[in-house]
Amino acid sequence: MRLANQTLKYLSISVLVVIALWSTVFYLFMLEVIHDNIDEELENQKRLIIQELSSNPTVAPDLEFGINNYKVRQISEEQALKMQNVYKDTMLYMQDDDDPEPELEPVRMLTTAFEHQGHYYELSIINSMIEESDLIKNLFYSVVILFVLLVISIVSINKVVIERLWGPLYTFLDQLTRFRLGKTKEKPTMDTQIQEFKDLQLAVTTLIRHNEESYEQQKQFIGNASHELQTPLAIMINKLEIMAEAEGLNQEQSETVAAVLATAERLVRLNKSLLLLSKIENKQFLHNEDLSFNTLVLNIVAEFEAIAEFKQVKIHVVQEDQLTVQMDGALANIVVSNLLRNALFHNKLGGEVNIHITNKGLTVSNTSTHAALDANLVFSRFYKSDAASKGTGLGLAIVQAICHLYGFVIVYHYENNQHSFQLNMFP
């Protein structure tokens with residue numbers, strides 16, 4: 001989730017909780033104020049009714065609420081002494097002028113006791129709450145509407161403000177995403193007055209500058225090292241070839257020269273492989289184009305036919321679907337060549353290589369005299385299943401580096417006495 005949305009989410013939840021609590025407290029407070037006003041009116045009516053009843057020589061019990069909205073019944077002294085003023089909300093049947101049938105209406109009732117000429121009475125007074133109920137209902141709706149409007153307005157305002165404040169950062173991040181070391185000339189910039197964003201831009205710019213310097217130094221070192229190694233290696237190989245062709249060498253000397261020559265040639269291959277690996281990791285191959293892996297595989301298989309015939313290995317290509325990928329042509333050629341070369345060189349006499357192409361990727365399987373490889377180490381640099389192998393041990397490491405460059409997934413598994421490398425180019 002984006003930072004602005006995350007900030008807005010927490011802010012919205014906080015505002016929602018705070019305003020909900022405030023609205024609840026406000027509603028309960030106003031409800032208490034309304035009840036206090038009604039209770040004061042009932043208390044005033046109580047005093048007037050008691051004064052009026054005290055002026056009469058006797059109090060006639062009235063057990064039903066009449067026009068004056070009170071009723072009186074005689075009680076014992078013990079009950080009267082225990083009784084206090086009790087206020088409560090209740091429902092009573094009341095007659096409406098427009099409706100002959102009585103209906104239940106909300107009322108507020110006060111129950112109290114008084115003494116008159118040695119006799120004790122219970123007095124119950126009611127006050128209709130129809131108007132107050134409407135007032136409470138309107139108050140409730142008003143609070144809800146106010147609550148919704150406040151939340152919407154606060155969230156909307158904060159969304160606009162947050163997007164405006166965080167906008168330069170998102171633009172800066174987008175520039176960073178598209179920035180390529182050694183290729184993009186313009187460094188990411190941010191037009192803002194916020195000091196923290198300025199500090200971030202300064203830190204990123206400094207880091208990019210240091211990385212560019214290291215990148216250029218690394219490229220220069222790799223180029224110089226490769227060039228300086230190639231020349232003496234070429235001279236060494238040339239002299240060894242001349243020596244091998246010279247007369248007068250006995251068999252032991254010839255074998256020694258041949259071994260040194262093989263080592264020198266292996267050094268040349270190793271030098272080229274390491275240089276290639278460094279260039280791949282530095283992303284110096286990004287001339288992408290639409291490539292048909294079907295055509296590429298068939299062309300490379302044709303190139304390896306002579307080796308396959310020499311090792312008596314049959315190559316089978318199954319094209320289930322067309323596989324087209326946006327990729328650098330040289331790197332695509334390296335991936336297929338290394339996988340096929342690995343399948344041929346580590347095969348058995350009279351074995352087979354199976355290449356299966358789908359619209360998601362390809363799988364290269366081969367028979368072999370060796371058991372399953374270590375899946376955790378098979379793509380490591382200089383890993384060899386056979387210590388006597390004359391390879392550089394970098395072929396599969398280069399394949400994996402190219403896959404990482406393009407976001408491909410390559411996995412190894414051993415099944416039915418065959419080693420398989422499955423390359424998934426699309427999720």
Nearest non-hydrogen partners of Q175 and P188, listed with the distance
OE1-CA, 3.0 Å
Hey, does the side chain of T369 reach the backbone of K348 with a donor-acceptor pair shorter than 3.5 angstrom?
no
Between T367 and N347, is a side-chain hydrogen bond (donor to acceptor under 3.5 Å, both in side chains) present by the stated rule, with each step listed?
CA-CA 6 Å; T367 54; N347 216 313; 2.6 Å; yes
Closest approach of I125 and K46, non-hydrogen atoms and distance?
CD1-CA, 3.3 Å
Sorted by chain and number, sequence neighbours left out, salt bridge (Lys or Arg N to Asp or Glu O under 4.0 Å) with E352 holds for none
Got a sec, which residues hit salt bridge (Lys or Arg N to Asp or Glu O under 4.0 Å) with K88, two or more places apart in sequence or on another chain?
none
Check whether more than 12 heavy atoms from other residues, nucleotides or ligands sit under 6.0 Å from atom CG of D321, and answer yes or no.
yes
Please determine whether side-chain hydrogen bond (donor to acceptor under 3.5 Å, both in side chains) holds for the pair D290 and Q326, giving the CA-CA distance in whole Å, both sets of side-chain angles, and the decisive distance to 0.1 Å.
CA-CA 5 Å; D290 288 329; Q326 269 274 335; 2.8 Å; yes
Counting only heavy atoms not in Q84 (residues, nucleotides, ligands), do more than 12 fall under 6.0 Å from its CD?
no
Would you please name every residue forming a side-chain contact (heavy atoms from CB on, under 4.5 Å) with E320, sequence neighbours left out?
H356, T358
For side chain to side chain contact (heavy atoms under 4.5 Å, CB included), just list the numbers for N127 and E41, CA-CA rounded to whole Å, side-chain angles, deciding distance to a tenth of an Å, and then say yes or no.
CA-CA 8 Å; N127 191 341; E41 186 176 348; 3.2 Å; yes
So for atom CD, which belongs to E289, do other residues, nucleotides or ligands contribute more than 12 heavy atoms lying within a distance under 6.0 Å?
yes
Out of curiosity, L42 CG to S124 OG, how far, rounded to the nearest 0.5 Å?
11.0 Å
Can you name the closest pair of heavy atoms from I300 and N333 and give their distance?
CD1-O, 3.8 Å
Please report the closest heavy-atom contact between K311 and L349, naming both atoms and the distance.
O-CD1, 3.4 Å
Will you find, in the side chains of N294 and Q319, an N or O donor that is under 3.5 Å from an N or O acceptor?
yes
Distance-only donor-acceptor check, side chains Y406 and D328, under 3.5 Å:
no
If every non-hydrogen atom of I315 is compared with every non-hydrogen atom of A308, which pair is closest and at what distance?
CD1-CB, 3.9 Å
Between D199 and Q195, does any side-chain donor sit less than 3.5 Å from a side-chain acceptor?
yes
For L339 and F421, which heavy atoms make the closest approach, and how far apart are they?
CD2-CB, 4.0 Å
If you apply the rule side chain to side chain contact (heavy atoms under 4.5 Å, CB included), what do you find for I355 with V353, and how did you get there?
CA-CA 7 Å; I355 303 176; V353 174; 4.3 Å; yes
Between E43 and Y87, a side-chain donor and acceptor under 3.5 Å
yes
Residues N85 and T112: side-chain donor-acceptor under 3.5 angstrom
yes
State whether the number of non-hydrogen atoms from other residues, nucleotides or ligands found under 6.0 Å of K314 atom NZ is greater than 12.
no
What pairs with F293 under ring pair (Phe, Tyr, Trp, His ring centres under 6.0 Å), at least two apart in sequence or on another chain?
none
In chain order, what residues pass the ring pair (Phe, Tyr, Trp, His ring centres under 6.0 Å) check against Y414, with sequence neighbours excluded?
H419
Check: Y412 side chain, L373 main-chain N or O, donor-acceptor pair, under 3.5 Å:
yes
What I want to check is whether the side chains of N366 and Q418 have a donor and an acceptor closer together than 3.5 Å.
no
Salt bridge (Lys or Arg N to Asp or Glu O under 4.0 Å) filter on D36, not counting sequence neighbours, yields none
